[in-house]
Amino acid sequence: MRSGAARGANWLAAHPVCSFFVFFAVFPFLLPYKALAAQVLIFGLFALGFNLLYGYTGLLSFGHAAYYGLGAYGTGIALAKLGVGSLWLGLGAGLLLASVGGTVIGFFCLQRRGIYFAMLTLAFAQLLYFIAFHLASWTGGDDGLRGIPQLTLGLLGVSVPLDTTLGFYYFCYALVGLAVAGLKRILDSPFGAVLQAIRENSDRAIACGYDVNRVKLLSFVFSALFTGLAGGLDALRLTVVPIESLYWTTSGQVVMMTLLGGAGTFFGPFVGAAMFLVLEDRLSVFTESWPLVIGAIFSLFVLFLPRGVWGALTGGWRRAPAAPRAT
Amino acid sequence: VFDLSLTALAAQVFTGLVLGMIFVLLAIGLSLIFGLMTVVNFAHGSLYMLGAYFGFLLYALTKNFWLALVLAPLMVGTLGLLMERFLIRRLYGRSADDPLLLTFGLSLIMVEAARLIWGKIGLTFDPPRALGGAVNLGFMKFPAYRLFVIAITGLVLIALWVFLEKTNVGLIIRAGSRDPLMVRALGIDLSRIWLLVFGIGTGLAGLAGILAGPMRGVYAEMGVTMVIESFVVVVVGGMGSLVGAVVAGVLMGQVVGLTTFFAPKLAEIMVFVVMAVVLLVRPSGLFGEAGLLE
């Protein structure tokens, strides 16, 4: 039973892009209700962006809400405040803002390594949160950014309405699928190999002559781009950008999703996002305190199943032990 | 008018100093734990919150603030001991990220549990009557309770300094954070020291919580922004440096206090701006050693 599941998971892992398109084509029909499907795709993409930095480059960011929020606000402000009439331009604005933010914050945070890096990313994300909070004329402040119009999608002269659940889902499906293919391309490139070399042994990568800081910064910016796209799509899905998009709880959520699914595995982020969102959905029926249950599950995973569900099935990355100080 | 605003400024400097004391207590605990065990305790803010709740409940129960002031930190410290012994200890020898991730999960549990048990609405915690009034400092009046917070923190810092510098256990702690392998080679059981340091560090968070309660209110999320700001204090002071934690804590208290006075909207932001500047000029923090534990 277990080996059968593992073999199946391994086949999926070997053909990730193809598997993605096949599985997510029918995904909405497997869920208790279809609206959850687009949310899983979007948060899966968010976790995928986080995973590129953490799972593949070994850099734990505790501030990915920053790029998610920048993507969401960039898209939202372009559509709601600047009156940009095109979805593509709106998403482009989000991507632009997220990549600029990723470059600047990445530059600062990469001054330090290890645990310092995690805390710096968190601090910068909080900085953005407070800025957005006070720039209420642009961001709506505490109330969130409202009034993002539901546009129809113009593509090659055909306009597709996005106001139905399934219509919007397949729009996300296409874009997230492109992102998945892009990630696969990045990981298979020599650049992707260097990322994983840095994760395993950064000093050795330096000794091999790689400009490790430049590679890390590039990985940071790519990660911010995937994350920003997720933020932009979520702004379209909700037609609102809540201020919590930038709050540290959002960063914590994506960390939990990725680890539940399996950091450093290709599909772990999607598995984790689905687990998290379905759990949240089911639990919130019974209790307002669902974060307590998810927090407990997450803690148990860190203790006993650090590779996550998908990682355990496919034999994913196991985090390297710490320096021999506290062994 | 000028005199009035000067007095207001002086009051703000004092308020900043009081906030600085809370930062110092939190940052010293974080820094102590980090220096010895390379564990970043994300749950520090939640333990701070629990300190405030325990203090409030004990005070309401016993009507004795001084008893609460002693017991609440002890209770939080005990919780910290249990956390180290039964959960965090399993993660030594794994990635340095794992304790951070675990304590993140634990802090989520604690905040949610506090909401469940004590409700979502914050509590008002009145200082004891003996500390309720204001003290005339000659140039202005200042709440007695806040002066008391400064005094208590000063005493705790002196006691901690004596403990770390003048006792044998303190010597082992300092040696253990410099070279744990060598300390163990000398036949010292470091695991008991880890337990002790985790208890002291979290106990200090509990103390910060009960001290802050009467000034800032008691609510489940009270530790969330505090822990992030305390991280910033530790980064600015230099990770693992206790002197750094004290200096940076006082500095950040002033940064918040003075920006609140001159440009209230920028108060939360300035902390991070100062951090960014310090990191650019001195990447290892004001008192940190370069390359320590990266």
Side-chain angles (χ1 to χ4, degrees), chain A residues 54 58-60 62 105 108-109 111-120 122-131 133-135 202 247-249 251-252 255-256 259 263 287-304 306 318-327, chain B residues 34 36-40 42 87 90-113 115-116 120 176-177 179-181 190 194 224-225 228-229 231-232 234-235 239 265-269 271-273 275-276 279-280 283-285 288 291 293-294:
Chain A
Y54 179 52
L59 296 168
L60 174 58
F62 241 91
I105 297 177
F108 271 96
C109 296
Q111 305 284 317
R112 305 308 310 269
R113 294 158 68 177
I115 230 77
Y116 298 79
F117 175 83
M119 285 156 62
L120 285 177
L122 173 62
F124 278 104
Q126 280 301 98
L127 171 62
L128 281 185
Y129 168 80
F130 286 120
I131 291 176
F133 193 92
H134 290 300
L135 272 183
S202 152
Y247 202 46
W248 69 279
T249 44
S251 306
V255 171
M256 290 197 279
L259 273 116
T287 168
E288 259 186 293
S289 304
W290 58 268
L292 199 156
V293 183
I294 290 193
I297 294 175
F298 174 72
S299 301
L300 289 173
F301 265 67
V302 175
L303 282 169
F304 300 111
R318 188 169 178 92
R319 289 189 285 285
R325 284 180 56 93
T327 44
Chain B
F34 181 81
L36 194 66
M37 288 164 276
T38 71
V39 167
V40 174
F42 202 99
L87 298 172
R90 296 166 175 276
L91 300 181
Y92 295 152
R94 283 178 31 185
S95 158
D97 298 332
D98 283 23
L100 173 64
L101 295 168
L102 176 66
T103 49
F104 170 73
L106 293 178
S107 83
L108 212 64
I109 296 174
M110 285 186 233
V111 171
E112 215 48 51
R115 255 187 222 150
L116 196 67
K120 287 182 191 159
S177 57
D179 193 341
L181 223 57
L190 263 187
W194 291 333
V224 168
T225 47
I228 296 174
E229 282 166 336
F231 280 154
V232 171
V234 173
V235 168
M239 198 82 98
K265 279 192 167 185
L266 296 179
E268 296 121 331
I269 294 170
V271 174
F272 300 107
V273 174
M275 179 194 72
L279 276 172
L280 274 184
S284 43
L293 300 172
E294 289 196 273

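The sequence lines fix the lettering, A, B, ..., with proteins before strands; numbering per chain opens at 1.
- Closest approach of B/A276 to A/F124, counting heavy atoms only: CB-CZ, 4.1 Å.
- Atoms CE and CZ, from A/M119 and B/F34 in turn, are 7.5 Å apart once rounded to the nearest 0.5 Å.
- Ranked by heavy-atom pairs under 4.5 Å with chain A, the first of B/V40, B/V235, B/V271, B/L266 is B/V40.
- The distance from the CD atom of A/E288 to the NZ atom of B/K120 is 3.5 Å, given to the nearest 0.5 Å.
- Nearest heavy atoms, B/L100 versus A/A118: CD2-CB, 3.9 Å.
- When all heavy atoms of B/I269 and A/H134 are compared, the closest pair comes out as CD1-CD2, 4.3 Å.
- Using the six-membered ring where Trp is involved, A/W248 and B/F42 have ring planes that are tilted, between 30° and 60° apart.
- In this structure, CZ in A/F298 is found 10.0 Å from CD1 in B/I109, a value given to the nearest 0.5 Å.
- Considering all non-hydrogen atoms of both residues, A/L122 and B/I228 come closest at CD2-CG1, 3.9 Å.
- To the nearest 0.5 Å, atoms CZ (A/F304) and CZ (B/R90) are separated by 4.5 Å.
- In this structure, chain B has no heavy atom under 4.5 Å from any part of A/F133.
- No other option in B/V234, B/V232, B/V224 has as many heavy-atom pairs under 4.5 Å with chain A as B/V224.
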- Task: Show your working on side chain to side chain contact (heavy atoms under 4.5 Å, CB included) between A/V302 and B/F104 and close with a plain yes or no.
- Result: CA-CA 10 Å; A/V302 175; B/F104 170 73; over 6 Å; no
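- Counting heavy atoms from C-beta on, the side chains of B/L101 and A/F62 come closer than 4.5 Å.
- For B/L102, the parts lying under 4.5 angstrom from a heavy atom of chain A are both the backbone and the side chain.
- Separating the NZ atom in B/K265 from the CG atom in A/L135 is a distance of 8.0 Å, to the nearest 0.5 Å.
- With contacts defined as side-chain heavy-atom distances shorter than 4.5 Å, the pair B/E112/A/V293 does not qualify.
- Side-chain contact check for A/M256 versus B/L108: some heavy-atom pair is nearer than 4.5 Å.
- Heavy atoms closer than 4.5 Å to chain B are found in both the backbone and the side chain of A/A296.
- For A/F130, the parts sitting under 4.5 Å from any heavy atom of chain B are the backbone and the side chain alike.
- In this structure, A/Y247 OH and B/T225 OG1 are separated by 6.0 Å, a value rounded to the nearest 0.5 Å.
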